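Structure, as C-alpha cells:
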Amino acid sequence: MDISFYNYFLFPFLQMLLLAAFAPLVSGIIKKTKALLQNRRGADITQDYYDLRKWWKKKTVITPYTGFVFMLAPFMYLLSTMLAAFLLPNMMSNLTFGDIFVFVGLLAIGRFFMALSSFDAASAFGGMGGSREVYVATCVEPVMLLAVLTAILKSGSTNIYTMALNNGNQINVAVVLACIAFFILLLSENGRIPIDNPDTHLELTMIHECMLLEYSGRLLAVIHLASMIKNMLFMVLFSLIFLPIALPLAIKVIITAMGIALMESLNNKMRLFKIRAYLLATGGLLLLAIVAQ
Amino acid sequence: MQTLIYGMLGLPFVFALIAISGFFSNRALHILNRIIATIVGGIFVEMLMQISPGEVFNSEYFYLDALSIWVLLIVIVLYVASAWVSKSYLVREHKMGYLSRTPKLIGRYYALYHMFVLTMMLVLLLKNLGLMWVGIEATTLISALLVSFKFTRSALEATWKYIMVCTVGICLALLGTMILYYAQLTATGTEKALSWLWLSQHGDLLNPSLTKLAFLFIFIGYGTKVGLAPMHTWLPDAYSEAPSLISGLLSGALCTCSLYVLIRNLIIVIPTIGTAFIMDLFFVFAFLTIAIAVPFVVVQRDIKRLLAYSSMENIGIMIVGLGIFSSISVGATLLHMFNHALIKFVLFYIAGTVIQEYQTKNMMRIHGMVQEAPHTATFLLMGMFAILGMPPFGLFFSKFNIIFSLFKNGQYLLGSLMIFLLAGILIGILYHVMRMLCGRAKRKAYADLLDHTDTPFLAVLLIGSIALGMGLERIPYLNSLLLEASQIVVGGVHL
Amino acid sequence: MEQLVMVLLFVAFLQNRIMDLRKAVACLCLQSAIIAGACLISGLANGNGLHSVLPGLLTILVKVCLIPYALFRLVGKLTDERELVADINTNYSTALSAFFLMLSYVLVDKMLPGIGDRDIMASSMGLILIGLVLIVMRSRAIMQIIGLMTMENGIYLLGLAMTEGLPTVIELGIFFDVLVAVLVLVILTNRLNVSFMTTDTNVLRRLKG
Amino acid sequence: MTDYVPIFFATAVFCYILGCFAVLIPRKHQLFAHYFAQVMSILGSTLILITAGIYLLSGETALLKVAFVGRYMLAIDGWSSVFLCITGLAGILTSIFAVDYALAYIGKRLRELSGLWNLFLLSMVLVLVAQSTVSFLVSWEVMAIVSFLLVNHDSEKRETWQAAYQYLVMTHIGTAAIMIAFFVVGSGSNGLNFSELNISQSETTARNLAFTAAFLGFALKAGLVPLHVWLPNAHPAAPSHVSALMSGVMLKVAVYGFGRFIFDFLGPVDFWWGALVLVVGLLSAFFGALYAQMEKDIKRILAYSSVENMGIVFAAIGAGMLLLTTSHKEYAVIGFTAAIVHSFNHSIMKSLMFMVAGAVNHAVDDKNIEKMGGLAKLMPWTAGCALTGSLALAALPLTNGFIGEWLMFHSFAFLAQADAGTGVRLLAALAFILSGLASALALGCFVRVFGVVFLGRPRARRAESAHEVSRFMLAAMLIPAFLIFVSGILASPIVTIAQHVAEANLPDLKMLNEEHLLIWGKDSGMLNYDTFVLLIAAVVITIFAWLIIYRGQVFVKRDVIWNCGTEPTLRQQYSGTGFSKPIRRAFDFLLKPRREVVFLQKENKYFGRSMAYTLTIPDRFTEKLYIPLQHHLVKTASFLRRIQAGSVRIYIGYVMVAMVLVLIWGAM
C-alpha cells in the first residue's frame, strides 16, 4: 500500500468531485422514475441542474435577526457531506483511512448546523423543523449504529474499504435482513417518503424542508446540493456494502434510485410519532441479523 | 509525690468551702477560680515530670499508672479550660436575667463545680475498687446538684431521672464489686481487699463463674453511668438541662471516668472469663447504643439533646473499640476518649452561646447564623465537622483505626453496619446544623457573643484535637503514654 | 444468719404490699433494724473491739434513726396526700417480686452450681430485684426513695453475710454515700413539692424524645 | 529529566498553601487577597501541569516518589499523572476565569471563596498523589468538605444549602462505601500502603464485596445514574467557576480512584464486574443526555451532560474490563485509552461550557434559558466559544469530544467481534444502541442550548441589555476553545500517551507496540482516523466555497419572516421546552412528565379563556427512589422516639430488663 500523494489525496478528491457532479443527476432519475410510475411525463433528468443554476443567480434575502450561524450553516452542511464523500473508497486507489464511525460523525456535523440554522432566523417554522430533525436523528442514530455493527461483524473490520471488498459473495438471511434495514435507514436519513415528504411545502408536515424556509438564492442552492450529495452517498454506501447483487457500482446506484422512487410512490408519509415504532422494527431486524450472523 | 496528690485534691476542696461561704464578691470569685485551676494544672504537670510513662506510683490508698495519668490528663485539661471560660459564660448568664434572682448562686456554682472535679480526680487516683465505687457515687450526687442548678421545672425533672437511674445502676455495680470481693476472699484470703493492683496480678486465681456474675453486674452498673443503650435514658435529659459548661464536663470528663473504672474492672476479669463472651457483650450493647442514637439525632428539636445523642454514638464507638481488645483498637479508644472530650466540650460551650444569643433551645427557630453571628457560626461549623469525624480533626483517625480493627477481626458485616450507622448520624446532625447556619435570619440574634476572651481557648482545644489526630507520633510524651496505657489494658499489669 | 435473711425477705414482700406512706417508712425502719441486728451479731461473733461493733452502731445511727426521721418529716409536710391512691394494685408487684426471687434462685444454681451459702446469694439478688420492682411499680417520689433504700439494704446484707464485713474504710464510704444520696433526694423531693405541688412522679413527663 | 519533578511538585503545593492563607488577610484588602489567591492557584496549577507533563512525556512507568508527609509517601505513576494533567490544566483555566468572575462576590465572603478555592485544588492534587489508605481517605474527605463549603457559598438561598446538604450526605455515603472497600482489601493484605494492597488471592466473596463497595462509592462520586441526583442540584447552586472545576476535575478523580482499585488492588477481573460497569455507564449516558434535553436551567443541563459523559467514560472502562475476560485480551487497552482520553477532553470541554454558562449568567443574571436569546449579537466572542464547546460536547469529528467516543465505539466493535458467545455480542449491540441514543440526544441537547441562548431574538427584557464579558473571562474561554480544536486534530500524540499509561497498568497484557493505535498518519495502524488529511481536504473545499459562493454575494436585508402572513411576535419563536417536545413525547414512558392546565378566569363562555400551563419533569430517580427512602427514614425515626417516653419508671424498667436479660445470657 504505497502512501503517495496521488493515492492518498488526489484520487479521493477527484472521486468527491465526481460524486458531487452526479448527485443532481441521480435525484433527477428518482424524480423521473416517480413521475413515470405515476404515469405522468415529469421534468427532464437534468432539471435539478437548472434549478441549481436558477437559484445561483438570484440575490439572497436575509432577516435582520440572523447572526453568523445563518451564513455558516449551509457551508458547513456542504463541507461535511463533501468530507464524507472524501472518505468513501474509490475505484482508483485502495486506501484504508475511511472509517465508518468517522463517516457517521461527519454526517452528524451537517445535521448539527442545519438544526442550529433553524433557530437563527427567529421564525416559528425554523424551530419546528429543527426539533423534528433532532427527533428523527435520535430515532435513526441507534439503528444506524446497529447497521454499522452488522457490517463490521460481516467484514471483520471497521474500514469501509474492507467492508466493500467482501460484499456480494454470498446471500444468507443476515445479509438480506441487513439490506432491507439499511434501505429503510437510507429513506429516513435523507427525508424520503415514509419519514418526510421531500417535495412538499405544507408547513405542518415537512421536516427537512422547514429548516430551509428562510434560505434563498445561492445559500439555498448550496443546501440543496449538499442534501443531494448526502443522498448520493447513502446510495453508494448501500450498494457497495449491503446490496448483495454482483454488478458494477453505477448500475447498482441506478437500481437503488429506482427502488427509492418505487418506495415513494407506493406509500405515503407516516405520522411523526409513528417513526419511533417504525425504526424500532428496523432495529429489531438488525438485531436478528446480528444474532443470525 | 504524695504531697503533690494531697495538694491537688486539697486545693479545690478548700476553694469550694470558700466559695460556698459567700465571703468573696463575684468578681473576686471569678479570678480566684482561675488561679486555683491553673495551680492545680501546674501541680499535675509537675507530677508528670516526676513520673515517666513506664513508671507506676503505688502508695497505701493511691495508685497512678499510665492509664490513670492519661484519663487524669483529660479531666485536668477540661478542668482548666472550663475554669477559664466559665467567667464569660456566667456573666452572660447573669445578663440574660435568670441568675440575677439570688445573689450567692455564682458562689454555689463554683463550689459544686470544684467539688465535682475533685471527686472525679479522686476516682482516678484511688487504688481500691470499693473506694472507686464510692467516688463514682459521689460524682453522681454532686453532678445531680449541678444539673438541677437552675431549679426550673425541667431541670428538676432531669435531675430526678438522673439520680434515680444512676443510683440504681450504681447499686448494681456495688453488688458486682461485693461478689468480686467474695470471689477474692474464697480464692486468696482477706488481705489486700479489693485492691486493684493485687487483683490484676492474681486475676487468674479467681473462680471463673463467680467473676463472670460479678462482671455482669459491674458492666450493667458502670454501663448505666457511661450511658450504654438501654440504660442511657438519663443522658439526654441531664445533658440538655445542665448549664452548658457542666454538660461539657459531664460528657467529656465524667463519662471518661466511668469508662476508666469499667476498663479497670475489665483488666481484672479478662484472664478468667476470656475475651469471647466479653466481645459479644460489648458489641451487642455498643451497636444498640449507636442504633438508638440515630433516630433521635435525625428527628430532634433541642440543640443540647442533639449533642447528647452524638455523645452516645461516640460512647458506642469506644465500647466497640474496647470489645475488640487488640492493642490498636484499645489505643484508638483511649485516643477517641481524649478527642471526644475536647471536641464535645467546645461544642457544648458553643451550644450554650447559641442558646444565649437566640434565647431558645429549639433549633427550628434558629436561622441564618452565618449572617447574624459569623464568629459563632465558624466555630459551630468546625465543631460539627470535628464531631462527625471529618479528617483534619482527631476523631477521624481514632474512628478509622477502630473500624479497621473491626474489619481486621473478620467481621465485615459488623464493620459495614457501623459505617452506615455513622452515616445515618451524619445525616441527622448535618441537617440540623445546616438549618441553623444557612438561610435568612428570621429571629434577630442578641449579638455575636463569642467575644475575645474565650475564642482562643476554643481554638486551642480544636487545634489540640487536630494535633492529636494528625501528628500523634510527633508529640513525644503523649505518644509513649498512650502506648503504655494500651499495653496495660491489653497485656495485663507488669510491674 | 440465714434466718435473718429470710426475715428480711419477708419484710421486703411486706414493703411491696404497703400503700400508705407512713407505714412504708416504718417498714423501711424495721428493715434497717434487722440489718443492724445482723451486723452486730456477725461483728461480735468473730472478733471484738471497735472494728466489729462500729458498722452495727453506724447502721443504727444512719439507717434506723436519721433516714426515717428525714422521711417522716417529709411525709409530715405533705398535707394532702398522706393517703396513697394505689394506681397499680399491689398484687402485680408481689407476683413480680416472687417471680424475681425464683429467677435469682435459678440463676444462682445455673451460674454457681456448688457454691457455699447458696440461699444467701440468691436471696440478696432477689432482694435487689424486689427493690427494683418497688421503684418501677410506684409513682410516688418517697416510695421510690424507699425502693432505693431496700436495694441498698439488700446489697449491704449480701456483703455482710458473705464476707463477714468489708474493710472499714469501704464501709464508711458506703454509709457516707447512702446518707448523702438520701439527703439530696430529700432536697429534691422538697423542691418537687414546691414547684409541682405534688410528689407524684407521673407529672415529670415533659422531657421527651 | 524526572529528577526535577519533586521540586516542581513541592513548589506547586507551597503555592497552593500560600493561596489558602488569603483568608487571613484583613477585610480591607479583600480585593488584593482575591487576586493574590488566584495568582497563586494559577501558578500552582501550571507547576502541577508541568510535573505531570514531564512524567508523561518521559515515558516513565515506574512509581516516582514526589514528597514525604509524616510517614506517608506521596508518589505519582502513569495513571495518576494523567489526572494530575487534567487537574493542572482545568485549574489554570478556571482560575483565570475566576479572577474576574469572582468579583461579583466582593461583599459576600470573597476571601473565604478564594482561600477555599486553593484548598480545593490542593486536596484534589493530594488525592491523586496519595500512596496509602489513610492519606487517600484524609485528602478525599478534605476534598468533599471543601467542595461542600464552596457549593454552600451563598447560603442565604434555601435551595443552595439544601443542595449542599444533599451533596455532602451523598458524598459521605460514597466515602463510607470506599472506606469499606479499602478496609476489606486492607484486611485481606498485610498493610495499608497502596504497594501492599492486593487481594487477588483471597476468596471471591471478599473480592466481590470489595468490588461492589468500591464501584458504589466511586460511581456515586462520579454521578452515575442511580446515584447521580446530587449532581444536577449541586452544580447550579455553586458559583460557576467552582462548578466548572467540580465537574471538570472532581468527577475524574473518582475515575482515578476506581482505576486504582481495578488495576492494582482487586486482581483479575470477573465477567459480571465488567458487565455491571458497562451497563451502569450506558444507562447513565442515556439518562444523562435525556434529562439534559428536558431541563430549563443552563447549569442543570450541563450537569446532566456531565452525567452523560461520565457514563461514557465508565462504559469505556466496562468494555475494557469485559475485553480483559475474553480471548482478545490485548484489545482491552482501547477501552481504557478511550476512558483516559475522554476524561481529559471532557474536562476541557465541560469547564469551557460552565465558563460560558457563568458568563451568560453574569450578563443576564438569570439561569433560565427561556429568558435568553439572541445573545450571539451582543456577546459575539462568548457565542464563538460556546459554539466550539457545543460542537465538542456533541462529539462531532475534528473536535476533541469525538476522539473519546470514537475509541469507545471501536472497543464496542472489538467486544462484538470477540467470539465469546451471543451473550457478549448482544451486550455489544445494547452498547451500540444506548451509546448511539446518548450521542444523538447530546447533539440535540447542545443544539437546543446554543440555539435558544445565543440565536434568534432575545425573549426577555434583560437579555437585551447583555454585554460582552471582561478580558480575563474571555481569555479563560478562548484558551479551551482553541485547545478543543488542537487536541481534536493533533489527537494522535495524546492517544499514544494514554495508550502507554493504559498498557503500563495492565502488565499481564501482550505489549501492543508493533501495531499500536494509530490515529493520524501512516496506514499501519489498526484504527484509522486521519484528521490531518480531513483537515487539508476541508481547507481546500473552504477555499473553493469562498471563491464561488460568498465572494461578491449581495445580501438584501428584508424585515419579513414567513409566518403565514401574520406579523411574528416574540413568543412565536421556538422555546427550549418546545424544541424538546418531540423527544419528550417519544420517551414519555420514561420521563413521566407532569402537566397542569389551569383555566384562570372565563371572560366569555365561547372563546378567549386564558389558562396557565405548567410542565414539570421530575427526575424519576429522586421521585421513585430518594423521596420515599427519606420519608421512611424520618417516619421510623419519629416512631422510635417513643423509647424516650419521659416517665422515670419506664427508664428504670429498661435497666431492670437489661439486667435480667444479661443475667440470663450470662447463665447460658
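Remember, predicted model here, so these are calculated numbers, not experimental data. Labels below follow one simple rule: chain letters A, B, ... track the order of the sequence lines, proteins then strands, and each chain is numbered from 1.
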Less than 4.5 Å apart, side chain to side chain, heavy atoms only: is that true for [X] and [Y]?
{"X": "Arg305(B)", "Y": "Leu207(C)", "result": "yes"}
{"X": "Leu174(B)", "Y": "Tyr156(C)", "result": "no"}
{"X": "Phe217(B)", "Y": "Met125(C)", "result": "yes"}
{"X": "Val169(C)", "Y": "Asn128(B)", "result": "no"}

> For the side chain of Glu157(B) and the backbone of Arg206(C), is there at least one donor-acceptor N/O pair under 3.5 Å apart?
Replying inline: yes
>> Using a 3.5 Å distance criterion without hydrogens, assess whether the side chain of Arg153(B) forms a donor-acceptor pair with backbone atoms of Ser195(C).
In response: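 Side chain of Arg153(B) to backbone of Ser195(C), a donor-acceptor pair under 3.5 Å: yes, one is there.
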Value rounded to 0.5 Å, distance of [atom1] in [X] from [atom2] in [Y]:
{"X": "Met111(C)", "Y": "Ser209(B)", "atom1": "CE", "atom2": "OG", "result": "7.0 Å"}
{"X": "Lys161(B)", "Y": "Leu204(C)", "atom1": "NZ", "atom2": "CG", "result": "6.5 Å"}
{"X": "Leu213(B)", "Y": "Met121(C)", "atom1": "CG", "atom2": "CE", "result": "6.5 Å"}
{"X": "Leu185(C)", "Y": "Leu141(B)", "atom1": "CG", "atom2": "CG", "result": "8.0 Å"}
{"X": "Leu132(C)", "Y": "Cys171(B)", "atom1": "CG", "atom2": "SG", "result": "8.5 Å"}
{"X": "Leu194(B)", "Y": "Ile170(C)", "atom1": "CG", "atom2": "CD1", "result": "5.0 Å"}

>> To check you understand the geometry: which heavy-atom pair defines the closest contact between Ser148(B) and Leu188(C), and what is its length?
In response: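 So the two residues come closest at CB-CD2, 4.5 Å.
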> Nearest heavy-atom pair of Ile155(C) and Met178(B): which atoms, and what distance?
Replying inline: CG2-CG, 4.0 Å
Could you tell me which portion of [X] (side chain, backbone, both or neither) has an atom closer than 4.5 angstrom to a non-hydrogen atom of chain C?
{"X": "Tyr182(B)", "answer": "both"}
{"X": "Leu210(B)", "answer": "both"}
{"X": "Leu129(B)", "answer": "neither"}

Side chain from CB out, backbone as N, CA, C, O: work out which of these in [X] comes under 4.5 Å of a heavy atom of chain B, or both, or neither.
{"X": "Ile128(C)", "answer": "side chain"}
{"X": "Phe196(C)", "answer": "both"}
{"X": "Ser124(C)", "answer": "neither"}
{"X": "Lys110(C)", "answer": "neither"}
{"X": "Ile135(C)", "answer": "side chain"}

>> Counting heavy-atom pairs under 4.5 Å with chain C, which one of Val134(B), Leu131(B), Val299(B), Thr140(B) comes out on top?
In response: Val134(B)
>> How about OH on Tyr105(C), more than 12 heavy atoms from neighbouring residues, nucleotides or ligands closer than 6.0 Å, or not?
In response: yes
> Are there more than 12 heavy atoms of other residues, nucleotides or ligands under 6.0 Å from atom CZ of Phe277(B)?
Replying inline: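 Above 12, so yes.
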> Out of Val203(C), Thr189(C), Ile174(C), which one racks up the most heavy-atom pairs below 4.5 Å with chain B?
Replying inline: Ile174(C)
